[in-house]
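The block underneath contains the structure these notes are about, expressed in structure tokens.
Here is how names work: the chains are called A, B, and so on, in the same order as the sequence lines, proteins then strands, and each is numbered from 1.
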Number of protein chains: 2
Amino acid sequence: MANNDAIPVEPDHGGGIRQRSRASIERRILDAAESVFAEAGFNGATTAEIARRAGIPKANLHYYFKTKDDLYQQVLTGIVNTWLHTADEITAEADPAHALAHYITAKIELAREQPIPSRVFANEVIHGAPHLGTYLGSELRSWVEAKAKVIRGWITAGKMREVDPRHLLFMIWASTQTYADFAAQISAVLGRDQLSQQEYKAVARQVTEIILRGCGLTPPNPS
Amino acid sequence: MANNDAIPVEPDHGGGIRQRSRASIERRILDAAESVFAEAGFNGATTAEIARRAGIPKANLHYYFKTKDDLYQQVLTGIVNTWLHTADEITAEADPAHALAHYITAKIELAREQPIPSRVFANEVIHGAPHLGTYLGSELRSWVEAKAKVIRGWITAGKMREVDPRHLLFMIWASTQTYADFAAQISAVLGRDQLSQQEYKAVARQVTEIILRGCGLTPPNPS
DNA sequence: GTCTATAAACTGATAGAC
DNA sequence: GTCTATCAGTTTATAGAC
């Protein structure tokens with residue numbers, strides 16, 4: 001999260017007051033790219049549009065990122081790295097009801113606060129994950145196996161009902177990320193432009209209650 | 001489902017044995033288009049690739065469907081019409097546990113048997129549903145309100161726990177369609193090329209159990 | 001490091017012979 | 001109704017002046 005480094009104030013060749021360090025320009029390009037990729041997919045995204053949103057000429061974009069593919073790879077890598085560091089509360093020692101409730105709530109909050117990266121990732125996976133290399137089958141798979149082992153421990157200890165932990169995780173991912181990925185559908189069906197923060201809280205509560213009760217757990221009172 | 005009409009055997013100008021009626025050619029193009037749109041999205045799909053898979057020259061595709069947009073619209077319409085006719089078992093008179101179990105099972109089976117249309121639709125919604133016109137906000141919204149009314153009736157009658165029926169439907173959609181839309185991720189995480197029919201049955205059972213128990217219902221024995 | 005101009009390749013759509 | 005050839009517009013990526 002907090003890694004602004006020491007941004008060197010370089011000589012400003014182009015004029016203007018904006019931050020011109022390499023790091024900050026790359027960040028601007030990556031943010032612009034993320035939103036364009038989310039809206040149009042990899043194929044539909046154009047480097048011209050990304051450059052426009054980043055506020056730079058298209059040629060500069062290709063100076064910082066050699067190809068459209070390189071840029072997309074770095075966007076994906078950033079998203080994936082963020083995601084691998086969630087669910088830290090799912091540990092053998094934790095209370096299952098509390099840990100799962102915390103995870104579900106955090107995922108709903110992430111869907112509300114950062115829907116765009118979720119959509120980029122969803123788009124990639126729907127199309128068969130052609131740019132994700134070995135991530136799904138190695139890093140993510142190991143991550144799931146580790147968490148599944150914890151949940152199996154809970155089950156063996158009689159703390160919760162017997163379920164397949166991997167499919168439970170898929171269900172949690174689906175039920176929470178749908179509020180980011182399918183926001184257009186949810187908004188339209190509910191007849192609102194977007195959900196209020198209070199509605200998101202109610203959603204988190206309901207999803208948590210259903211999944212916890214479904215696992216034979218008693219939902220904790222929302223803090 | 002069963003509507004082969006009477007396919008007129010027209011004069012065969014191009015040679016070859018294949019069916020050449022207008023209806024059958026359009027069907028071939030629509031099927032090819034569906035798979036290409038699912039793999040690459042609207043923007044990434046090319047009319048050249050669709051024509052190649054349909055086994056016709058590109059110019060013929062534009063003879064049968066004026067524009068790429070027309071073709072996409074017809075693909076979407078077909079998907080949407082299929083979907084509006086599911087969940088027929090969710091009625092006021094039905095037993096909640098049985099009706100919901102039936103709906104969830106049917107949705108999982110649909111994800112297994114027809115993942116491609118699901119992906120086309122998911123892709124469309126993720127990108128903000130720019131080609132869906134008023135469908136989400138009118139037809140689908142009415143559909144959801146009707147089903148929500150039924151479920152509210154069940155709740156009022158004390159047959160199930162109090163939940164928001166609309167978000168319950170979103171959860172069912174997400175938990176089932178994820179097996180079509182995110183198949184690449186699920187396969188990779190589980191370390192298999194694709195799930196067996198038996199695994200799909202186990203998934204249907206687990207999703208059903210969690211959601212029904214989560215709603216305070218007792219899952220029926222799988223028939 | 002920045003920017004304008006442009007090359008090189010691709011894509012949707014059509015013309016026109018058969 | 002079918003097919004080849006091709007146009008017009010877009011898009012990725014680069015060359016080269018500053």
Side-chain angles (χ1 to χ4, degrees), chain A residues 7-30 32-33 35-37 39-75 127 130-131, chain B residues 7-30 32-37 39-76 127 130-131:
Chain A
I7 299 177
V9 179
E10 293 169 8
D12 187 341
H13 297 289
I17 314 171
R18 293 188 303 243
Q19 191 60 259
R20 295 249 164 211
S21 76
R22 177 156 202 124
S24 73
I25 291 185
E26 287 182 351
R27 171 74 358 233
R28 280 237 308 279
I29 296 174
L30 285 168
S35 69
V36 176
F37 284 132
E39 287 168 24
F42 176 77
N43 291 297
T46 65
T47 53
E49 175 62 14
I50 294 170
R52 196 190 64 73
R53 288 199 202 177
I56 58 169
K58 189 175 54 164
N60 291 26
L61 185 149
H62 285 284
Y63 171 76
Y64 286 103
F65 298 88
K66 195 72 178 149
T67 66
K68 181 183 173 182
D69 220 285
D70 286 343
L71 179 53
Y72 185 62
Q73 282 292 341
Q74 294 208 27
V75 169
H127 296 154
H131 301 85
Chain B
I7 299 177
V9 179
E10 293 171 7
D12 187 340
H13 298 288
I17 315 173
R18 292 189 303 241
Q19 191 60 259
R20 293 249 164 210
S21 77
R22 177 156 201 125
S24 73
I25 291 185
E26 287 182 351
R27 170 69 7 226
R28 280 237 308 279
I29 295 174
L30 286 168
E34 195 172 73
S35 69
V36 175
F37 284 132
E39 287 168 24
F42 177 77
N43 291 299
T46 65
T47 53
E49 175 62 14
I50 295 170
R52 197 190 62 75
R53 288 199 201 177
I56 58 168
K58 190 175 54 165
N60 291 25
L61 185 149
H62 286 284
Y63 172 75
Y64 286 102
F65 298 88
K66 195 72 180 153
T67 67
K68 180 183 174 182
D69 220 284
D70 285 343
L71 180 52
Y72 185 62
Q73 282 292 341
Q74 294 208 26
V75 168
L76 277 182
H127 296 153
H131 301 85

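Rounded to whole Å, the distance from CG on A/L61 to C1' on C/dT4 is 16 Å. In this entry the distance linking CD1 of A/I50 with P of D/dT11 reads 12 Å, nearest Å. Distance, B/I25 CD1 to D/dC3 C1': 13 Å, rounded to whole Å. Taking atom CZ on A/R22 and atom C1' on C/dT2, their separation rounds to 13 Å, with Å as the unit. Regarding A/E49, its CD atom lies at a distance of 10 Å from the P atom of D/dT11, rounded to whole Å. Spacing between atom CD1 of A/I56 and atom P of C/dT2 amounts to 8 Å, rounded to whole angstrom units.
For the salt bridge (Lys or Arg N to Asp or Glu O under 4.0 Å) condition, the pairs that include at least one residue of residues 50-60 of chain A, sequence neighbours left out, are A/E39-A/R53, A/E49-A/R52, A/E49-A/R53.
Once rounded to the nearest 0.5 Å, the distance linking OH of B/Y64 with CD1 of B/I25 reads 3.5 Å.
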Show the numbers, then the answer: is there a side-chain contact (heavy atoms from CB on, under 4.5 Å) between B/L71 and B/L30? CA-CA 7 Å; B/L71 180 52; B/L30 286 168; 3.8 Å; yes
Could you write out each protein N or O paired with an N or O of nucleotides 11-18 of chain C at a distance under 3.5 Å?
residue: C/dG12; atom: OP1; partner: B/A45; partner atom: O; Å: 3.0
residue: C/dG12; atom: OP1; partner: B/K68; partner atom: NZ; Å: 3.0
residue: C/dG12; atom: OP2; partner: B/T47; partner atom: N; Å: 2.9
residue: C/dG12; atom: OP2; partner: B/T47; partner atom: OG1; Å: 3.0
residue: C/dG12; atom: N7; partner: B/K58; partner atom: NZ; Å: 3.3
residue: C/dA13; atom: OP2; partner: B/K68; partner atom: N; Å: 2.7
residue: C/dA13; atom: N6; partner: B/K58; partner atom: NZ; Å: 2.8

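B/Y64 comes within contact range of the sugar-phosphate backbone alone, with a heavy-atom separation under 4.0 Å but no base atom that close.
When atom types are taken as modelled, the side chain of A/K68 and the backbone of A/H62 share no donor-acceptor pair closer than 3.5 angstrom.
Contact detail for B/A33 and B/V75: the closest heavy-atom pair is CB-CG2, 4.0 Å.
Taking the six-membered ring where tryptophan is involved, the planes of A/Y72 and A/H131 are perpendicular, since the angle between them exceeds 60° and thus also 30°.
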